[in-house]
Amino acid sequence: MNEVHSQDQGSLLLTAVQAVAISPEKAKKIVAQYQKAAHKTNPKASETEIEEIISNKIVDKYSKYASLSGGVAALPGIVPGVGTAAAMLGGEWQIQQLA
């Protein structure tokens, strides 16, 4: 029983990770866009400074994803009973929206 439950949690985790993961091509495209914007707003910045700006933007983006998913995951706990059902359905919906 525990092994089956553990496998279910593992596949749910894998699905969640796949939902927010991006392809290397898409990642390169996003970084190129950030790099272009950083050069435009900071024309005299060194490459190290540009890399730091890009890194901060990437961390900010995924921090927002994490905080949003944490907030959404906590909402169903407000309503006992119904909250459990909503959590089960809402988690699946959230994963599909991020994909």
Side-chain angles (χ1 to χ4, degrees):
M1 178 75 172
N2 282 340
E3 187 176 320
V4 172
H5 182 66
S6 177
Q7 287 176 346
D8 288 343
Q9 286 181 335
S11 11
L12 182 59
L13 179 60
L14 177 60
T15 302
V17 169
Q18 288 172 334
V20 294
I22 59 175
S23 69
E25 294 80 22
K26 188 173 180 181
K28 288 176 186 177
K29 187 176 181 180
I30 290 170
V31 169
Q33 290 171 347
Y34 286 164
Q35 189 174 31
K36 185 178 178 181
H39 277 297
K40 188 174 183 178
T41 57
N42 304 293
K44 294 183 180 182
S46 69
E47 281 304 309
T48 304
E49 291 169 328
I50 296 294
E51 288 174 2
E52 187 173 331
I53 291 168
I54 293 168
S55 299
N56 288 335
K57 286 187 177 200
I58 292 169
V59 169
D60 286 345
K61 178 180 180 171
Y62 284 96
S63 294
K64 288 176 186 173
Y65 281 156
S67 64
L68 177 64
S69 88
V72 169
L75 286 176
I78 295 172
V79 183
V82 175
T84 303
M88 291 171 57
L89 297 173
E92 180 65 28
W93 176 84
Q94 183 180 6
I95 289 170
Q96 291 174 356
Q97 294 304 311
L98 291 174

message: With heavy-atom distances below 4.5 Å as the criterion, would you say the side chains of Lys57 and Gln35 are in contact?
response: no
statement: For Glu25, the side chain to side chain contact (heavy atoms under 4.5 Å, CB included) test, sequence neighbours excluded, returns Ser23
message: Could you work out, with side chain to side chain contact (heavy atoms under 4.5 Å, CB included) as the rule, every residue matching Lys29, not counting sequence neighbours?
response: Gln33
- prompt: Is there a path from Tyr62 to Ile54 through hydrophobic residues (I, L, V, M, F, W, Y) whose side chains come within less than 4.5 Å of each other?
  reply: yes
- prompt: Measuring from Ile53:CD1 to Ile58:CD1, what's the distance to the nearest 0.5 Å?
  reply: 12.5 Å
- request: Report the residues that fulfil side chain to side chain contact (heavy atoms under 4.5 Å, CB included) with Glu51, sequence neighbours left out, ordered by chain and then residue number.
  value: none
field: Any residue meeting side chain to side chain contact (heavy atoms under 4.5 Å, CB included) with Ala45, in chain and number order, not counting sequence neighbours
entry: Asn42, Glu49, Ile50
